[in-house]
Amino acid sequence: MKIKENLKKNFDLKMLKVVKQVLLDDKVIDLKIIDIRKKSAFADFIVLGSGTSNRHIVNMAKNVKEKIKKIFNFNASIEGMEQSNWILIDATSIVVNIFRPEARKFYNLEKIWDN
């Protein structure tokens with residue numbers, strides 16, 4: 001059982017590293033990664049980032065999804081592409097949130113999770 005847990009942990013950390021790099025390559029604004037392993041059962045990490053426009057955040061979300069698919073053969077689900085004020089990507093134990101700056105400020109997920 002311990003081996004299985006270590007494999008999952010390594011997989012999650014590798015995916016987190018890939019997600020982080022894709023967002024940085026796409027010039028994400030104010031990237032923040034919050035470890036919620038001790039706070040929640042639905043995910044291990046919350047990733048928060050902002051974009052400069054609707055097009056910017058849609059492109060970042062598409063790039064994250066494509067890279068996860070290519071490297072891990074995992075089809076992450078995406079919500080919010082139509083409205084593109086806040087896009088959520090569910091990538092197993094990593095939840096990626098990409099916002100327009102005003103939406104990020106309004107929802108203030110940092111305050112909820114980073115306690």
Side-chain angles (χ1 to χ4, degrees):
M1 190 68 165
K2 184 89 168 163
I3 293 171
K4 192 173 185 179
E5 287 175 14
N6 284 340
L7 287 174
K8 182 189 178 312
K9 183 178 178 183
N10 288 336
F11 177 83
D12 293 343
L13 292 176
K14 185 176 179 184
M15 186 180 287
L16 182 64
K17 185 176 179 181
V18 167
V19 167
K20 178 182 176 183
Q21 191 58 55
V22 170
L23 291 171
L24 290 173
D25 290 348
D26 284 345
K27 308 289 190 244
V28 68
I29 299 168
D30 195 21
L31 179 66
K32 185 161 192 170
I33 298 170
I34 303 171
D35 183 341
I36 62 167
R37 288 177 283 194
K38 295 180 180 176
K39 298 177 184 178
S40 176
F42 78 91
D44 291 339
F45 297 97
I46 299 281
V47 177
L48 304 168
S50 299
T52 57
S53 66
N54 289 359
R55 181 176 288 177
H56 186 204
I57 69 172
V58 166
N59 285 333
M60 284 191 286
K62 286 179 180 178
N63 290 340
V64 167
K65 181 180 171 91
E66 288 171 9
K67 193 64 114 171
I68 289 171
K69 177 70 173 170
K70 181 178 179 182
I71 294 174
F72 301 100
N73 196 31
F74 178 77
N75 195 18
S77 62
I78 296 183
E79 297 292 329
M81 292 286 275
E82 299 79 28
Q83 297 83 14
S84 61
N85 276 326
W86 174 10
I87 299 175
L88 183 138
I89 305 167
D90 183 356
T92 65
S93 62
I94 301 166
V95 178
V96 181
N97 298 272
I98 307 171
F99 299 92
R100 290 286 310 270
E102 56 276 5
R104 183 173 181 173
K105 192 173 191 175
F106 178 79
Y107 291 107
N108 199 8
L109 293 183
E110 285 98 332
K111 185 176 180 181
I112 295 169
W113 289 108
D114 201 17
N115 292 333

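With sequence neighbours left out, the side chain to side chain donor-acceptor pair (under 3.5 Å) criterion links Asp30 to no other residue. With sequence neighbours excluded, the residues satisfying side-chain contact (heavy atoms from CB on, under 4.5 Å) with Ser77 are Asp90. The side-chain contact (heavy atoms from CB on, under 4.5 Å) check on Gln21 picks up Leu24, Asp25, with sequence neighbours excluded. With sequence neighbours left out, the ring pair (Phe, Tyr, Trp, His ring centres under 6.0 Å) criterion links Phe106 to no other residue. Taking Glu102 as the reference, Arg100 meet the salt bridge (Lys or Arg N to Asp or Glu O under 4.0 Å) condition, with sequence neighbours excluded.
Counting all heavy atoms, side chain and backbone alike, Asn85 lies closest to Ala103 at O-CB, 3.5 Å. The shortest non-hydrogen separation linking Leu16 to Ile94 is N-CD1, 3.4 Å. Closest of all the heavy-atom pairs between Ala61 and Met81 is CB-SD, 4.1 Å. The nearest pair of heavy atoms linking Gly80 to Ile87 is O-CG1, 3.7 Å.
At a threshold of 4.5 Å between non-hydrogen side-chain atoms, the residues Val19 and Phe45 do not count as touching. For the pair Val28 and Ile98, the minimum side-chain heavy-atom distance is 4.5 Å or more. Two residues are said to be in side-chain contact when any heavy atoms from C-beta on lie closer than 4.5 Å; Ile78 and Val64 fail this criterion. Using a 4.5 Å heavy-atom cutoff, the side chains of Val47 and Lys20 are not in contact.
Each side chain to side chain donor-acceptor pair (under 3.5 Å) pair with one or both residues in residues 56-71, not counting sequence neighbours, appears once here: Asp26-Asn63, Thr52-His56, Lys65-Asn75. Among residue pairs with one or both ends in residues 65-90, those qualifying as ring pair (Phe, Tyr, Trp, His ring centres under 6.0 Å) are Phe11-Phe72, Trp86-Phe99, Trp86-Tyr107; sequence neighbours excluded.
Separation of atoms OG (Ser93) and CZ (Arg37) is listed at 9.0 Å; rounding is to 0.5 Å.
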